[in-house]
Colleague: 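Below are the structure tokens for one structure; questions will follow.
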There are 2 protein chains.
Amino acid sequence: MSHYSVKKGAFFMGFGLSNVVLVKSDKHGRMIPEALDAAIEESKKKGFTPLMVNGTSGTTVMGAYDPLNEIADVCERQGNIWLHVDACWGGAALLSLKLRHKMKGIERADSIAWDPHKMAGAILQCAVLITKHKDLLAEAHTAGARYLFQQDKVYDCSYDTGDKSVQCGRKIDAFKLWLLWKAYGSSGMAERIESCFDNALYLRQLLTETPGFRLLFEEQECTNTCFWYIPPSMRGQVAPAIKGQMQVTGSMMIGYQPQGQFVNFFRMIVASPMTTREDMQHVISTIQRHGQNL
Amino acid sequence: MSHYSVKKGAFFMGFGLSNVVLVKSDKHGRMIPEALDAAIEESKKKGFTPLMVNGTSGTTVMGAYDPLNEIADVCERQGNIWLHVDACWGGAALLSLKLRHKMKGIERADSIAWDPHKMAGAILQCAVLITKHKDLLAEAHTAGARYLFQQDKVYDCSYDTGDKSVQCGRKIDAFKLWLLWKAYGSSGMAERIESCFDNALYLRQLLTETPGFRLLFEEQECTNTCFWYIPPSMRGQVAPAIKGQMQVTGSMMIGYQPQGQFVNFFRMIVASPMTTREDMQHVISTIQRHGQNL
């Protein structure tokens with residue numbers, strides 16, 4: 001269940017949407033490696049040259065983690081196709097020894113995107129692109145604008161990153177991640193992430209115990225807990241109506257969305273290490289309260 | 001003297017560098033409309049379709065303002081070619097009734113880029129893209145990702161801008177501009193910009209009066225004051241050496257660059273309304289002081 005930015009990138013870069021091939025995923029939203037293999041074969045038969053596979057570590061809606069090792073195997077076998085992993089949402093799992101197994105194989109990616117401003121708690125915005133291909137960013141982006149990027153400075157100019165990026169003068173957002181890491185340390189960062197996962201599981205348990213709530217899936221991999229709430233009086237437009245009431249009264253904000261055959265469902269994401277079990281109880285009781293008015 | 005981002009954009013968007021045609025500018029760095037007209041004619045003769053002209057309001061190094069009305073005339077006559085104006089640096093002149101004449105014709109641009117985080121004093125980063133073509137951004141960028149951009153919300157969804165932009169979740173940088181404008185008002189904003197221009201002119205006057213300094217040009221349009229300083233003992237690598245001393249001792253930071261036949265020269269830009277005449281004197285005396293050690 002790749003993020004729509006893959007399509008957006010394809011048309012922005014001039015590849016065109018018809019050259020984006022969707023690969024089948026299982027019912028939890030994980031890419032099926034055999035389906036990827038077959039899709040690449042079929043593309044090649046049509047005379048195309050598949051050049052990049054997008055794996056996802058933590059999909060937007062369901063929080064699924066793609067099986068990266070199996071996907072990397074396919075990429076290698078099919079002729080060293082570039083493996084990009086969109087770990088923007090779920091990449092923070094790597095910070096925890098307990099949770100990093102979800103991203104087994106991530107070390108085989110050619111490039112990784114990660115947003116520490118999501119679950120890692122950096123302030124918006126802090127987006128990271130990691131690649132093992134040294135010098136590639138310079139080769140791809142450097143315009144050699146010597147009138148801006150002088151080479152006769154007092155320090156080592158190879159540290160100047162301006163010309164290696166797509167943009168020019170921007171804030172150094174990576175500094176936010178560095179500060180955060182320095183402040184909490186690796187174990188502190190791990191605890192923050194683990195508390196998100198713990199709370200999400202607790203919410204899941206609460207949801208199974210409280211009447212009127214229904215989980216979408218029998219398992220979940222990330223902190224995305226997808227559920228419906230159906231008050232006795234209403235079975236149709238519950239989520240938009242309750243979100244509307246929440247916004248108008250200012251009580252709480254919680255997202256909802258449809259996907260595939262599932263009508264609007266709430267999607268509660270635990271992203272802040274400051275959240276508590278009381279907060280999880282609050283989610284449930286606030287939705288129940290608004291449901292009384294429907 | 002277009003910014004290098006025009007080239008960068010061309011290869012990023014897949015047009016290729018060979019399809020970027022450089023237009024001759026006069027000795028102050030202003031595009032020559034007749035040269036633009038001739039370049040378009042020549043491209044057409046070769047079978048190409050010129051589709052965009054980049055005008056600049058405040059070039060990076062010299063601070064030149066392109067003659068926008070004349071350029072817009074050429075764009076219209078040549079078949080309604082898209083006129084983009086890069087006003088990132090000098091666009092703040094529009095905030096002042098005294099200075100806006102520099103950008104006469106800007107209202108004819110199809111699109112304008114402006115960085116209020118430059119001369120207008122917004123904190124980094126605050127970049128604005130303005131276009132008179134309503135709905136174009138939605139047409140160009142919308143990926144229709146309904147799972148993220150739900151249409152059944154409690155408020156009018158046409159105000160949601162996420163799917164209309166290149167990127168998805170980002171800080172609303174425009175808010176910084178709005179706050180600034182609310183705080184200072186239009187006349188307050190104008191005063192801030194005018195004080196930059198006033199100080200730059202004063203610096204220019206000081207430079208002509210102080211031995212050892214030499215201005216690059218007999219006139220300047222923006223707050224970019226380009227000059228050399230040559231201490232008695234040294235005629236070659238002055239600017240890098242003095243900048244190096246400044247950085248090592250932490251006394252001051254001032255940029256320098258080469259351009260065309262001119263070897264490294266300092267480029268002093270007044271961008272903050274907090275600057276004073278004393279600051280301008282400080283620039284001169286600090287450079288002189290470091291020059292004594294060369």
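Order of the sequence lines fixes the chain letters, A, B, ..., with proteins taken first and strands second; residue numbering starts at 1 for each chain.
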Colleague: Report the residues that fulfil side chain to side chain contact (heavy atoms under 4.5 Å, CB included) with Asp135(B), sequence neighbours left out, ordered by chain and then residue number.
Modeller: Glu139(B)

Colleague: Does the side chain of Tyr65(B) reach to within under 4.5 Å of the side chain of Arg30(B), using non-hydrogen atoms?
Modeller: no

Colleague: Under the salt bridge (Lys or Arg N to Asp or Glu O under 4.0 Å) definition, can you give me all pairs with a residue in residues 113-130 of chain B, not counting sequence neighbours?
Modeller: Asp115(B)-Lys118(B)

Colleague: Which of the residues Leu124(A), Ile123(A), Val154(A), Asp152(A) is involved in the greatest number of heavy-atom pairs with chain B at under 4.5 angstrom?
Modeller: Asp152(A)

Colleague: Answer with side chain, backbone, both or neither: which region of His117(B) has an atom nearer than 4.5 Å to a non-hydrogen atom of chain A?
Modeller: side chain

Colleague: Sort Ala127(A) into side chain, backbone, both or neither according to what part of it lies under 4.5 angstrom from a heavy atom of chain B.
Modeller: side chain

Colleague: Are there residues of residues 49-63 of chain B whose heavy atoms fall under 4.5 Å of chain A's heavy atoms? If so, which?
Modeller: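 Checking residues 49-63 of chain B against chain A gives Thr60(B), Val61(B).
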
Colleague: Does the side chain of Met31(B) reach to within under 4.5 Å of the side chain of Met1(B), using non-hydrogen atoms?
Modeller: no

Colleague: Would you say Trp114(B) and Asp86(B) are linked by a side-chain donor-acceptor pair, where the criterion is simply a distance under 3.5 Å?
Modeller: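 Absent: no donor and acceptor within the cut-off.
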
Colleague: In the structure I gave you, are the side-chain heavy atoms of Leu129(B) and Leu137(B) within less than 4.5 Å of one another anywhere?
Modeller: yes

Colleague: Is the closest side-chain heavy-atom distance between Arg289(B) and Thr286(B) below 4.5 Å?
Modeller: yes

Colleague: For Thr223(B) and Val270(B), indicate whether the former's side chain and the latter's backbone hold a donor-acceptor pair under 3.5 Å.
Modeller: yes

Colleague: Using non-hydrogen atoms and a 4.5 Å limit, figure out which bit of Val248(A) sits close to chain B: side chain, backbone, both or neither.
Modeller: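 Val248(A) touches chain B through side-chain heavy atoms alone.
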
Colleague: Could you check, using the six-membered ring where one of them is a Trp, whether Phe266(B) and Tyr256(B) have ring centers closer than 6.0 angstrom?
Modeller: no

Colleague: Taking side chain as C-beta onward, heavy atoms only, is His133(B) less than 4.5 Å from Ser111(B)?
Modeller: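 Answer no - side chains too far apart.
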
Colleague: Considering only heavy atoms from C-beta outward, does the side chain of Met246(A) approach that of Met253(A) to under 4.5 Å?
Modeller: no

Colleague: Of all the residues in residues 6-26 of chain A, which have a heavy atom that comes within less than 4.5 Å of a heavy atom in chain B?
Modeller: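 Contacts with chain B: Lys8(A), Phe11(A), Phe12(A), Met13(A).
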
